[in-house]
Chemist: 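Got a structure here, written out as structure tokens. Questions coming.
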Amino acid sequence: MTTAAPRAYSNFDDSSENARRPHTSLVVACYRVEQYLPEFLASLDEQDVDHGGYELIFVIDGCPERSEDVVRSWSVVTDFAVRIIVQENGGVASARNTGLDHARGTWVSSPDPDDRLSRHYLASIEAARAAHPDARMFVGRIRLLDPAGASVRHPLDGKYRSDGVRLVDLEDDPEDIHTLGGVVFFDRRRITELGLRMHEGLPTASDADFIMRYLLATGAQYVLVPGAEYFYQRRADDSSIVKTQERNIERFRIVFGVTHRALLEAAGPDCPRWLANTLLYFTSYLFRRNLQRDSPVYDTDRTVLREIAAALRANLGRIGAAHIERFSLVAIPTEIRMAWLAAALEGERPLGDHRMRTPVQLLFASRSTLRVALYAPSGDSTSTYDVHGGELIDCKVRGVEFLGEHWVDQHVLLVRSHRPDEVRVSAFSDAGLMFAGEPVGEEEIRQRLDLVPAGGRVTRQHQPSPVSPVRDAGRRLQRLLRRASYSVPLRVSRLLGSGVRLDGVCVVDLRGPCDEARLREIAHRIRASATAPTWSVGEPVRHPLRRLHGLVRHRVGRGSREHFVLMKHADAYVSDRLEVVTRVPFPDDLLEANWRSVYVAETIEDRDYRVLNPARIDHVVVASVGAQRLLIAHGGDYRFARSEVSALTAPGSSPGES
């Protein structure tokens, strides 16, 4: 099958076009952008520069809609020199390579036609080029917008810490990486000398790969121009290339197995930190996505996953443990960092006594029990721990899974202590503990390692609206009255002595009706003594007499004052809904969780560990011994120890038979 040759059209005749000497070429790859083009083209016409210094090359990449007609109509009325090249669909990298082949400017950039440029965008770049005549790369500022047009923060916005134009040397500022190609201006002559091309095998991020190869070859420097604002508009229908490729995990075979490997080989034996940061930034996308229960990873062929995992392990080994420990561009969970470190150190372990540094991570605390974790390379059977300031009551080793494989072992310890601040843990294993064994939370780990994310998480930027003194006083009064409405019943219960009878109560909030026998068995499974009462929570009862009848039968309305009083005395809160049992049923300023959270799981389905492991659950009640064994299996995917899981008895049997 032969490929049709691209056809071209220009709004200037040959003699006029040959006489022009543009200093800048803008290559615009077009595919399914008809509805976005008018706004983009209007932003070009508004540029406050001499349009004669520019050539615009629109590559119509097999568009199934009228993008070509829109550009043609505009080319008749604009004073820009416009060339339209129509080719069969080959992808955005192919379209940009075609544009590069036809570009004549000293500088070349590839803005996307579904975005728009600020009025001073090109003028700001021109001024920066005049101020830095020896620079070989210039970068504008991405302004990320949601589909409604509101500004959102990008994880790499940290480099825009000042409004002034500055030369960025990535050897000195390795966190100031840049990955988005639309705002980058390259020296076209250097591209030609180096023989650089966009990688056409990459459906996404070919611009980032091109940027990294260009920087490796030209000295890892660029000029940052914050005044050149480029508005990156997220599509409401998620039809962008990035969105449509999110579920295509197979593409990472090329990303990690070809392009990242080639970059590491080009960098030589010592990977520069800026390159390590860039590669780890893209690696974190896949790993954080894999934390989701419905991750597209699990729809991918296992052979493909093994190939991707093998390429990743090799890349992490070349990046090195030191760069992984210091990576701070985005806030990755500790278990991801430990998985990377285990892979990086895999080849080093037989060569010496390098110990895997790991924090004692505080997973969460409930009453007088701490759940803490430390990490060790997979297959390390050592499970001897020394706990100071507390009593080790149970422990469990689980495999931390990514891409269908266990990358590192997480040792989960249950420690009973009435003075949690004094707990210290040491382990006899390959793990070198950080922070003298003190259990600390996820955020504190990042703070102590000076791993504060450069850009922070992606959040909508809102300006706080002013509140009038009268309205503020009204809100304060409402909060005071609300607190009083809950505190009065609590004090009455204490005065009447009913609070003493409620101490240690088990509060059960199940979806459907639950018979007394099942309630008693659940209570029996989650505590040694069943002397304290068991109360159930249901839909609010409005009628006073029926409400009183409900109290007599140990049932209260959900969200009622009686429910609040029960929670103040509760030893355990039981539900078959994860979203119920893992949150406080009343506002935080009214009620602090001081009970054990118990989840009743009717079934355990594939990959439930993705939602159960991070949840604040103290105990799981399952319907079968088989499910219990799955949850507590040593080396399995779940974090739960034997003392944290109970199985209900089969109908007709007694609690002691399970």
Chemist: Say you draw a straight line from CD1 of Ile254 to OG1 of Thr204; how long is it, rounded to the nearest 0.5 Å?
Modeler: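 So the CD1 of Ile254 and the OG1 of Thr204 are separated by 10.0 Å.
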
Chemist: Does any N or O in the side chain of His323 come within less than 3.5 Å of the main-chain N or O of Cys271, such that one atom is a donor and the other an acceptor?
Modeler: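 Judged by distance alone, yes, a pair lies under 3.5 Å.
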
Chemist: Taking the side chain as everything from C-beta on, heavy atoms only, tell me whether Phe210 gets closer than 4.5 Å to His199.
Modeler: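 No. Closest side-chain heavy atoms not under 4.5 Å.
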
Chemist: Just say parallel, tilted or perpendicular for the rings of His154 and Tyr281, cut-offs at 30° and 60°.
Modeler: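 Plane angle between 30° and 60°, so tilted.
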
Chemist: Please check this pair: side chain of Glu34 against backbone of Glu65, looking for a donor-acceptor N/O pair closer than 3.5 Å.
Modeler: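 The answer is no, because no donor-acceptor pair under 3.5 Å joins these two groups.
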
Chemist: Do Trp407 and Ile336 come close enough that some side-chain heavy atom pair is under 4.5 Å?
Modeler: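 In short, these two side chains do not touch, never coming nearer than 4.5 Å.
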
Chemist: Could you walk me through whether Asp69 and Arg66 pass the salt bridge (charged side-chain N to carboxylate O under 4.0 Å, His left out) test, one step at a time?
Modeler: CA-CA 5 Å; Asp69 295 340; Arg66 297 180 56 258; 3.6 Å; yes

Chemist: Whether the Tyr36 and Asp115 side chains hold a donor-acceptor pair (N or O, under 3.5 Å, no angle test) is what I'd like checked.
Modeler: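 No, because no side-chain N or O of Tyr36 sits under 3.5 Å from a partner of the opposite role on Asp115.
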
Chemist: Salt bridge between Arg72 and Glu68, side-chain N to carboxylate O under 4.0 Å?
Modeler: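 A salt bridge is present here (some side-chain N lies under 4.0 Å from a carboxylate O).
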
Chemist: Does any N or O in the side chain of Arg289 come within less than 3.5 Å of the main-chain N or O of Tyr285, such that one atom is a donor and the other an acceptor?
Modeler: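 Pair absent, no side-chain N/O of Arg289 close to backbone of Tyr285.
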
Chemist: Among Tyr121, Trp107, Tyr222, find the one that has a ring pair (Phe, Tyr, Trp, His ring centres under 6.0 Å) with Phe138.
Modeler: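 Among the candidates, only Trp107 passes.
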
Chemist: Less than 4.5 Å apart, any side-chain heavy atom of Arg234 and any of Val152?
Modeler: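 Touching, per the 4.5 Å side-chain cut-off.
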
Chemist: Side chain to side chain contact (heavy atoms under 4.5 Å, CB included) between Leu280 and Leu329: does it pass, once the steps are laid out?
Modeler: CA-CA 9 Å; Leu280 292 175; Leu329 284 180; over 6 Å; no

Chemist: Give the C-alpha distance, both sets of side-chain angles, the deciding distance and a yes or no for side chain to side chain contact (heavy atoms under 4.5 Å, CB included) between Ser43 and Phe231.
Modeler: CA-CA 10 Å; Ser43 74; Phe231 297 99; over 6 Å; no

Chemist: Donor-acceptor pair, distance only, cut-off 3.5 Å: does the side chain of Arg583 make one with the backbone of Glu579?
Modeler: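 Answer holds: yes.
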
Chemist: How long is the gap from CG on Asp299 to CG on Asn248, to the nearest 0.5 Å?
Modeler: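 CG of Asn248 is found 12.0 Å from CG of Asp299.
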
Chemist: Any side-chain heavy atom of Leu286 within less than 4.5 Å of one from Ile308?
Modeler: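 Side-chain contact under 4.5 Å: yes.
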
Chemist: Which of parallel (below 30°), tilted (30 to 60°) and perpendicular (above 60°) describes Trp74 and Phe80?
Modeler: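 Plane angle between 30° and 60°, so tilted.
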
Chemist: To the nearest 0.5 Å, tell me how far Leu291 CG sits from Glu401 CD.
Modeler: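 Nearest 0.5 Å value for the CG-CD distance: 9.5 Å.
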
Chemist: Asp50 side chain to Gly52 main-chain N or O, any donor-acceptor pair under 3.5 Å?
Modeler: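 Checked: pair present.
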
Chemist: If only atom types and distance count, is the side chain of Ser295 paired as donor or acceptor with the main-chain N or O of Gln292 below 3.5 Å?
Modeler: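 No, Ser295 side chain to Gln292 backbone: no donor-acceptor pair under 3.5 Å.
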
Chemist: Does Glu126 come within less than 4.0 Å of Arg129, counting only side-chain N to carboxylate O?
Modeler: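 Judged by the 4.0 Å cut-off on N to carboxylate O distance, Glu126 and Arg129 do not form a salt bridge.
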
Chemist: Working note: Arg337 + Glu325, criterion salt bridge (charged side-chain N to carboxylate O under 4.0 Å, His left out); need CA distance, chi angles, decisive distance, verdict.
Modeler: CA-CA 7 Å; Arg337 192 183 305 274; Glu325 287 182 345; over 6 Å; no

Chemist: Salt bridge between Asp101 and Arg197, side-chain N to carboxylate O under 4.0 Å?
Modeler: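 Arg197 and Asp101: salt-bridged.
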
Chemist: Determine, for Phe402 and Arg610, whether the Lys NZ or Arg CZ falls below 6.0 Å from the six-membered ring centre while staying within 45 degrees of the axis.
Modeler: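 Ring-cation test returns yes.
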
Chemist: Counting heavy atoms not belonging to Asp294, are there more than 12 under 6.0 Å from its CG?
Modeler: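 Atom CG in Asp294 is crowded, with more than 12 foreign heavy atoms closer than 6.0 Å.
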
Chemist: Going by atom types only, do Tyr31 and Asn89 share a side-chain donor-acceptor pair under 3.5 Å?
Modeler: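 Judged by distance alone, the side chains do not pair up.
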
Chemist: Considering only heavy atoms from C-beta outward, does the side chain of Val70 approach that of Leu41 to under 4.5 Å?
Modeler: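 A side-chain contact exists here, since the closest heavy-atom pair is under 4.5 Å.
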
Chemist: Taking Glu229 as the fixed residue, which of Arg143, Arg141, Arg119 is the one that meets the salt bridge (charged side-chain N to carboxylate O under 4.0 Å, His left out) rule?
Modeler: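 Exactly one option meets the salt bridge (charged side-chain N to carboxylate O under 4.0 Å, His left out) with Glu229, and it is Arg143.
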
Chemist: Kindly determine whether Arg446 and Glu443 satisfy salt bridge (charged side-chain N to carboxylate O under 4.0 Å, His left out), including the steps that lead there.
Modeler: CA-CA 5 Å; Arg446 287 195 287 269; Glu443 187 60 36; 2.6 Å; yes

Chemist: Is a donor on one side and an acceptor on the other found under 3.5 Å between the side chain of Gln233 and the backbone of Asp146?
Modeler: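 Yes, the answer is positive, given that a donor and an acceptor are paired below the 3.5 Å cut-off.
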
Chemist: Looking at CZ of Phe186 and CD1 of Ile211, how far apart are the two atoms once the value is rounded to the nearest 0.5 Å?
Modeler: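 Between atom CZ of Phe186 and atom CD1 of Ile211 there are 4.5 Å.
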
Chemist: Nearest 0.5 Å please: distance from the CG atom of Asp207 over to the OG atom of Ser110.
Modeler: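 One gets 8.5 Å once the value is rounded to the nearest 0.5 Å.
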
Chemist: Measure the shortest side-chain to side-chain distance between Tyr54 and Leu122 over non-hydrogen atoms and say whether it is less than 4.5 angstrom.
Modeler: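 The answer is yes, as the side chains (C-beta and beyond) meet within the 4.5 Å cut-off.
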
Chemist: Kindly indicate, with the supporting measurements, whether the criterion side chain to side chain donor-acceptor pair (under 3.5 Å) is fulfilled by Glu442 and Thr334.
Modeler: CA-CA 7 Å; Glu442 186 84 59; Thr334 297; 2.6 Å; yes

Chemist: Just do the side chain to side chain donor-acceptor pair (under 3.5 Å) check on Arg188 and Ser25 with the steps written out, would you?
Modeler: CA-CA 9 Å; Arg188 189 179 63 83; Ser25 300; 5.3 Å; no

Chemist: CZ of Arg253: more than 12 outside heavy atoms within 6.0 angstrom?
Modeler: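 Atom CZ in Arg253 is crowded, with more than 12 foreign heavy atoms closer than 6.0 Å.
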
Chemist: Check Arg251 against Pro203 and note the closest heavy-atom contact, atom names and distance.
Modeler: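 Smallest interatomic distance, heavy atoms only, reads CB-CG, 3.9 Å.
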
Chemist: Hey, what do you get for CZ (Arg213) to CD1 (Ile191), rounding to the nearest 0.5 Å?
Modeler: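 So the CZ of Arg213 and the CD1 of Ile191 are separated by 10.0 Å.
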
Chemist: Could you check if a side-chain atom of Arg189 sits within less than 4.5 angstrom of a side-chain atom of Thr106, using non-hydrogen atoms only?
Modeler: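 Touching, per the 4.5 Å side-chain cut-off.
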
Chemist: Where the side chain of Asp61 meets the backbone of Ala29, is there a donor-acceptor pair that is under 3.5 Å apart?
Modeler: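 Pair absent, no side-chain N/O of Asp61 close to backbone of Ala29.
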
Chemist: Do Arg261 and Asn315 come close enough that some side-chain heavy atom pair is under 4.5 Å?
Modeler: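 With C-beta onward as the side chain, the pair touches.
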
